[in-house]
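Report on one structure; see the data block that follows.
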Amino acid sequence: MTLTTQKIPQDVRMQWFRAARYGLFIHWGPYAALGFGEQGMLREHMDQREYERRACAWNPAHFDAKAWADTAVRGGFKYAVFTAVHHDGYCNWDTDLTDFSSMKQAPKRDFVAEYVEAFREAGLKVGLYFSLGDLRIPGYWSDSTGDPPDWVAYRDYTHHRLRELLSRYGTIDIAWFDGAWPHNANAWQSKKILEICHELQPHIITNNRLDAESPYSAAQGAMEMPGESSTLGDYGTPEHHTTPDPNRFWESCQVSTSRLWGFTPGEHWRPTWDLLDNLCVCASKGGNLLMNVGPDGEGRIPPEFAERSDAIGRWLAANGEAVYGPGAGDITEFISRGYQTVRDGKLYLILRYESQPPTVRVYGLASRVLKARLLGSDVELGVEQRDAELHITGVPAAGTHGLPLYPVIELTCDGDPTATDFGKQRIWSGDPRRYRPWAEARGDSPYVARD
């Protein structure tokens, strides 16, 4: 059978994703009951049969997809990506291709079906994480050069599982691939993988992890992740960092704990402000944030995550206009105060600090500011503007408006926010000679300037 090529333009398929900004990543499988991360089987070099025995006995009594969806809605998430299968090969759906699955083993439940139904009913876009690698199977570890039989059998098994997932659960919005390393796109027949996706789910979007190459270089200051392709898929996936992909839209995937994705008792939780900061950084740079949670072995969202997620959700209820949908807002130099986003003639200033001075100064803005207000309130702020220098006055103290987390100032401009030539350049980039007149204003002497 000849696969049909997708005909829906990428910009149409990506439209909702670009506006969504904030997604929930859910790493969950039998590894949650073992409690040492999502890759414990390999990292601990466990006996394969012992891992399978424990995985087959795993039976999470408290899994409730609707409760998960409620947490996502309260947290302000717009979409979710659930691990249909991770690198251990355990399938969280009713597959015909292996008995190593949630339906064939102790749970006797199709977790993917329950997740898709609950999250779709809650109004969220639905994504599935699909690991190309089943690390239990020797064929995965073969040298794929020349298509040896064990590799071909494994690759076919992978393609068939993907077909199952994308044909049994209605509309799937995202296919989030992982585990391509150490094989390249030719070995995986990655173009065929994408054809399968678009044949079965014409509106689907896919990430870039379908090759052994990495488009990121040390020279760019980015963390290299094996399995990322510079050409395949619809968007980039920087992991544990927010370095924009220079060639495409991107989504930073990050943990809410200190390091691991799967549930691990005793892991340190990142503070709420740090998680919110990551969301604001992504929005200001024009990308999305996929924030991870690892439910425990019984299927419960950890209360530490729910507490942080709920707080960010309350912040988004008041300030989401500055996050959902706006474009990257790096208009002027503003890192001393926080972040910027833009939308429809408005510039949003997201202030990073718990305590703010009553006057906020912005330098290098060319647009005229017509009015300023504290977002999510009726609090009008004063505006004093002369040439490229803007002073916003009357900024309330922290805690007087909602949460003491990142107040947002909305500036209504006389057109799309623009910067002066000076404002377009950043402190350690651009032409350094532009600073000379500024330095000359105080004179040549190294001694303190005298009036």
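We use all heavy atoms of the structure for the numbers below, so side chains are in, but hydrogens, waters and symmetry mates are not.
- In this structure, the ring of Trp261 has its center no less than 6.0 angstrom from the ring center of His86.
- At least one donor-acceptor pair closer than 3.5 Å links the side chain of Asp173 to the backbone N or O of Val126.
- Ring geometry for Trp93 against Phe130 counts as tilted: the plane angle lies between 30° and 60°, on a 0 to 90° scale.
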side-chain hydrogen bond (donor to acceptor under 3.5 Å, both in side chains) evaluation trace for Arg209 with Thr237: CA-CA 8 Å; Arg209 298 194 179 189; Thr237 53; 2.8 Å; yes
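- Ring orientation note: the planes of Tyr154 and Trp151 are tilted relative to one another, at an angle of 30° to 60°.
- Trp141 places a side-chain N or O within 3.5 Å of a backbone atom of Leu135 that can act as its donor or acceptor partner.
- Qualifying ring pair (Phe, Tyr, Trp, His ring centres under 6.0 Å) partners for Phe119, counting only residues two or more places apart in sequence or in other chains: Tyr115.
- Partners of Ser309 according to the side-chain hydrogen bond (donor to acceptor under 3.5 Å, both in side chains) rule, which considers only residues two or more places apart in sequence or in another chain, do not exist here.
- The number of heavy atoms from other shown groups lying within 6.0 Å of CD (Gln39) is above 12.
- The 12-atom threshold is not exceeded at CD of Gln15, counting heavy atoms of other residues, nucleotides or ligands nearer than 6.0 Å.
- Between the side chain of Thr231 and the backbone N or O of Ser229, no donor-acceptor pair lies under 3.5 Å.
- Taking the six-membered ring where the residue is Trp, His183 and Tyr140 present perpendicular rings, their angle passing 60° and hence far from 30°.
- A ring-ring contact (aromatic ring centres under 6.0 Å, His included) with Trp28 is found for one member of Phe111, Tyr90, Phe263 and no other, namely Phe111.
- Inspection of the Thr83 and His27 side chains reveals no N or O donor paired with an N or O acceptor under 3.5 Å.
- Counting only distance, with no hydrogens or angles, the side chain of Asp110 and the backbone of Asp94 share a donor-acceptor pair below 3.5 Å.
- Using a 3.5 Å distance cut-off with no hydrogens or angles, the side chains of Tyr51 and Asp88 do pair a donor with an acceptor.
- Counting non-hydrogen atoms of other residues, nucleotides and ligands closer than 6.0 Å to NE2 of His203 gives a total of 12 or fewer.
- The number of heavy-atom neighbours closer than 6.0 Å to CG of Asp47, taken from other residues, nucleotides and ligands shown, is above 12.
- The main-chain N or O of Ile204 is found under 3.5 Å from a side-chain atom of Arg13 such that the two form a donor-acceptor pair.
- Between Trp269 and Ser256, the closest heavy-atom pair is CZ3-OG, 3.4 Å.
- Just one of Tyr22, Phe25, Trp176, Phe17 meets the ring-ring contact (aromatic ring centres under 6.0 Å, His included) condition when paired with Tyr79; it is Phe17.
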